[in-house]
Structure formats: C-alpha cells, structure tokens
Amino acid sequence: MTVAEFMQVMGIARSTFDDWRAKEKGPKWFPLPNGSLRCRRSSFEQWINSLEAAA
C-alpha cells in the first residue's frame, strides 16, 4: 500500500500521516530502494482490526 492509498482510505492529510508516523501510530512502514514508503496490506488490516477491538 502506498502512502497516497493509505491517506485516501483513512481520509487524512499528509501532515497527519507524518505526525502519526513520527509518533509510531499506525501500521508498519518500510522504505523501498527508491526511498518511497510502503505498507503491507496485511499489516494495515491488523492495525485496523486492533483499533476496532480497542473501541
């Protein structure tokens, strides 16, 4: 999942994404050799499910 896809699904701005990432909130991200960030969909789904369970 790209950062743009994540922001669209979550309905957040880039500044919010950067803030969450700095605070280590959200799914795990990893850099590609070209420097862009990616998140595995399975990691995203686990993170979303953990939010639902905590609510």
Side-chain angles (χ1 to χ4, degrees):
M1 169 178 271
T2 65
V3 172
E5 291 170 335
F6 178 79
M7 292 186 316
Q8 183 178 9
V9 168
M10 297 303 296
I12 61 171
R14 179 64 192 231
S15 59
T16 302
F17 170 80
D18 292 338
D19 184 52
W20 287 4
R21 189 154 182 263
K23 294 177 180 175
E24 298 183 2
K25 295 182 179 182
K28 183 177 178 182
W29 292 87
F30 59 93
L32 295 179
N34 67 3
S36 62
L37 293 171
R38 293 291 188 273
C39 171
R40 295 189 191 284
R41 291 203 184 267
S42 59
S43 177
F44 172 75
E45 290 171 9
Q46 285 178 327
W47 175 70
I48 286 290
N49 290 338
S50 73
L51 294 177
E52 289 177 346

**Message:** Give me each pair satisfying salt bridge (Lys or Arg N to Asp or Glu O under 4.0 Å) with a member in residues 26-52, each pair once, sequence neighbours excluded.
**Reply:**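 Qualifying pairs, neighbours excluded: E5-R41.
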
**Message:** Using the rule that Ile, Leu, Val, Met, Phe, Trp and Tyr join whenever any side-chain heavy atoms are under 4.5 Å apart, tell me whether V9 and L51 fall into a single cluster.
**Reply:**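 Cluster IDs for V9 and L51 match.
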
**Request:** Check ring-ring contact (aromatic ring centres under 6.0 Å, His included) between F17 and all other residues, then give those that pass, not counting sequence neighbours.
**Result:**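 With neighbours one apart ignored, the set is F6, W29.
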
Donor-acceptor pairs under 3.5 angstrom involving side-chain atoms of residues 18-26: please list them, not counting sequence neighbours.
unit_1 : atom_1 : unit_2 : atom_2 : d
D18    : OD1    : R14    : NE     : 3.0
D19    : OD2    : K23    : NZ     : 3.3

**Message:** The criterion is side-chain contact (heavy atoms from CB on, under 4.5 Å); which residues satisfy it with A13, sequence neighbours excluded?
**Reply:**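 So A13 forms a side-chain contact (heavy atoms from CB on, under 4.5 Å) with S15, T16.
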
**Message:** Test of understanding: with side-chain hydrogen bond (donor to acceptor under 3.5 Å, both in side chains), list the residues that count as partners of N34, not counting sequence neighbours.
**Reply:**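 N34: side-chain hydrogen bond (donor to acceptor under 3.5 Å, both in side chains) contacts with S36.
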
**Prompt:** Hey, what do you get for CG (L32) to CG (L37), rounding to the nearest 0.5 Å?
**Reply:**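 Those atoms lie 8.0 Å apart.
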
